[in-house]
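None of the values given here were measured: they were computed from a predicted structure. Just follow the structure's listing: the first ligand is 1, and inside any ligand the first atom is 1. As a basis for the values below, the full set of heavy atoms in this structure was taken, side chains included, without hydrogen atoms, waters or symmetry mates.
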Amino acid sequence: MSDRSYVIDKMISAKRIAARIETLAREIETHYSGVDKLVVVGLLRGSFIFIADLVRELGMNIEVDFIEASSYGNSTESSREVRILKDLRGKIGGRHVLVVEDIVDTGFTMSHVMHLLRAREPASLRSIVLLDKPARREVPFTADWTGFEIPDEFVVGYGIDFAQRNRNLPYIGKVRFTE
Ligand code: IMP
Ligand code: MG
């Protein structure tokens with residue numbers, strides 16, 4: 001699959017992403033006003049650019065931590081089996097936690113991760129995803145904040161990969177196979 005030739009059609013420009021993140025950051029600041037520290041948890045690896053841009057827009061006291069969850073393989077189909085490959089470094093019990101994810105597709109990854117973190121009894125637990133593909137949902141999951149809803153297309157860029165490629169594109173593009 002990953003050795004097939006493809007081109008990338010631009011879907012969401014870097015400028016639109018930046019503008020949307022500014023808006024989301026203002027909503028997040030308002031929501032957490034009065035909270036003295038927020039733990040921002042990025043899901044590796046796809047969220048690394050989104051979380052970097054998001055936290056630089058947040059005018060509040062934050063800590064950053066990461067968790068890595070993976071489904072198997074390099075396929076465009078998400079596996080149902082979610083494994084934790086790398087857990088948080090810090091404890092989240094009694095703390096305010098915001099989980100940052102690149103994209104919600106079937107919903108398996110985020111529902112699993114949120115369930116796992118909720119069991120650690122944070123003071124609050126919310127989520128933000130850059131992209132949502134609601135048409136592909138298999139288990140119920142709705143993020144508290146969403147960047148963009150997109151159609152059922154395989155996308156890359158802005159941290160998101162296809163078989164580990166194209167994460168460094170500054171925009172979101174959709175993969176179109178040419179053979
Ligand atoms: P879910 O568990 O099916 O919701 O899948 C979420 C994960 O699948 C995301 O964190 C991505 O790593 C991956 N994924 C889903 N859709 C895409 C896509 O269009 N491009 C690249 N990765 C994707
Ligand atoms: Mg991912």
Side-chain angles (χ1 to χ4, degrees), residues 1-14 16-17 20-21 24 39-55 64-89 97-119 125-179:
M1 177 67 99
S2 55
D3 51 5
R4 288 172 64 192
S5 313
Y6 61 92
V7 294
I8 297 166
D9 299 324
K10 193 180 278 191
M11 186 187 245
I12 307 171
S13 69
R16 274 183 72 203
I17 297 169
R20 185 72 186 122
I21 288 175
L24 291 166
V39 183
V40 183
V41 170
L43 257 81
L44 292 171
R45 286 172 266 178
S47 72
F48 80 109
I49 293 179
F50 182 35
I51 193 174
D53 283 347
L54 179 67
V55 296
V64 172
D65 205 341
F66 292 97
I67 190 166
E68 184 169 12
S70 181
S71 41
Y72 288 95
N74 280 336
S75 155
T76 52
E77 294 297 320
S78 300
S79 154
R80 274 115 238 266
E81 192 172 345
V82 179
R83 291 182 302 159
I84 298 301
L85 301 180
K86 182 213 164 292
D87 206 339
L88 300 175
R89 287 290 296 275
V97 177
L98 175 65
V99 179
V100 181
E101 171 62 319
D102 55 353
I103 176 162
V104 187
D105 188 39
T106 63
F108 282 100
T109 306
M110 276 303 270
S111 53
H112 181 86
V113 167
M114 295 301 275
H115 180 80
L116 180 95
L117 298 183
R118 197 168 292 118
L125 180 64
R126 291 200 150 221
S127 60
I128 177 168
V129 302
L130 181 65
L131 304 175
D132 188 356
K133 289 196 248 184
R136 300 240 327 149
R137 201 70 92 255
E138 291 179 37
V139 292
F141 177 79
T142 308
D144 296 288
W145 292 279
T146 297
F148 303 92
E149 276 195 11
I150 60 168
D152 181 10
E153 303 278 1
F154 197 81
V155 296
V156 292
Y158 199 74
I160 301 169
D161 73 303
F162 177 33
Q164 300 309 324
R165 295 194 301 205
N166 310 121
R167 288 193 199 272
N168 54 328
L169 278 181
Y171 56 86
I172 302 285
K174 65 180 178 190
V175 168
R176 178 161 51 87
F177 291 102
T178 51
E179 58 183 54

Enquirer: Could you check whether any side-chain N or O of S5 sits under 3.5 Å from a backbone N or O of T178, counting only pairs where one atom can act as donor and the other as acceptor?
Expert: no
Enquirer: How does E153 reach ligand 1, if at all, at less than 4.0 Å between non-hydrogen atoms: by side chain, backbone, both, or neither?
Expert: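 For E153, only backbone atoms sit under 4.0 Å from ligand 1.
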Enquirer: When only distance counts, is G107 in polar contact with ligand 1, meaning an N/O pair under 3.5 Å?
Expert: yes
Enquirer: If the threshold is 4.0 Å, N to carboxylate O, is there a salt bridge linking R45 and D102?
Expert: no
Enquirer: Return yes when D161 approaches ligand 1 closer than 4.0 angstrom through a heavy atom, no otherwise.
Expert: yes
Enquirer: Could you tell me whether a side-chain N or O of R20 sits under 3.5 Å from a main-chain N or O of G147, the two making a donor and an acceptor?
Expert: yes
Enquirer: For ligand 1, which atoms sit closer than 4.0 Å to a heavy atom of K133?
Expert: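 Every atom of ligand 1 under 4.0 Å from some heavy atom of K133: 16 (N), 17 (C), 18 (C), 19 (O).
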Enquirer: Only heavy atoms of I160, strictly under 4.0 Å: list the atoms of ligand 1 that pass.
Expert: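 Every atom of ligand 1 under 4.0 Å from some heavy atom of I160: 20 (N), 21 (C), 22 (N).
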Enquirer: Give the atoms of ligand 1, by number and element, whose distance to some non-hydrogen atom of T109 is under 4.0 Å.
Expert: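 Reading through ligand 1 atom by atom, the close ones are 1 (P), 2 (O), 5 (O), 6 (C).
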Enquirer: How close do F66 and I51 get, heavy atom to heavy atom, and via which atoms?
Expert: CE2-CG2, 4.0 Å
Enquirer: Between I17 and Y171, what is the shortest heavy-atom contact and its length?
Expert: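 Smallest heavy-atom distance, with atoms named: CD1-CA, 4.2 Å.
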Enquirer: Ignoring hydrogens, what is the shortest heavy-atom contact between D144 and R126? Give both atom names and the distance.
Expert: OD2-CA, 3.2 Å
Enquirer: Please could you name the atoms of ligand 1 that F108 approaches to less than 4.0 Å, counting only its heavy atoms?
Expert: 2 (O), 4 (O)
Enquirer: Relative to the heavy atoms of T106, which atoms of ligand 1 are at a distance of less than 4.0 Å?
Expert: 1 (P), 2 (O), 3 (O), 4 (O)
Enquirer: Can you check which of I103, L43, L130, V139 brings a heavy atom nearest to atom 14 (N) of ligand 1?
Expert: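 The nearest heavy atom belongs to I103.
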Enquirer: Could you label the plane-to-plane angle of the F50 and Y158 rings as parallel, tilted or perpendicular, counting under 30° as parallel and over 60° as perpendicular?
Expert: tilted
Enquirer: Enumerate the atoms of ligand 1 whose separation from the nearest heavy atom of E101 is less than 4.0 angstrom.
Expert: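 What qualifies from ligand 1 is 9 (C), 10 (O).
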Enquirer: Answer yes when D105 and R136 have at least one side-chain N-carboxylate O distance shorter than 4.0 Å, and no when they do not.
Expert: yes
Enquirer: Of all the heavy atoms in G46, does at least one lie under 4.0 Å from an atom in ligand 1?
Expert: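 Per 4.0 Å heavy-atom rule, G46 does not contact ligand 1.
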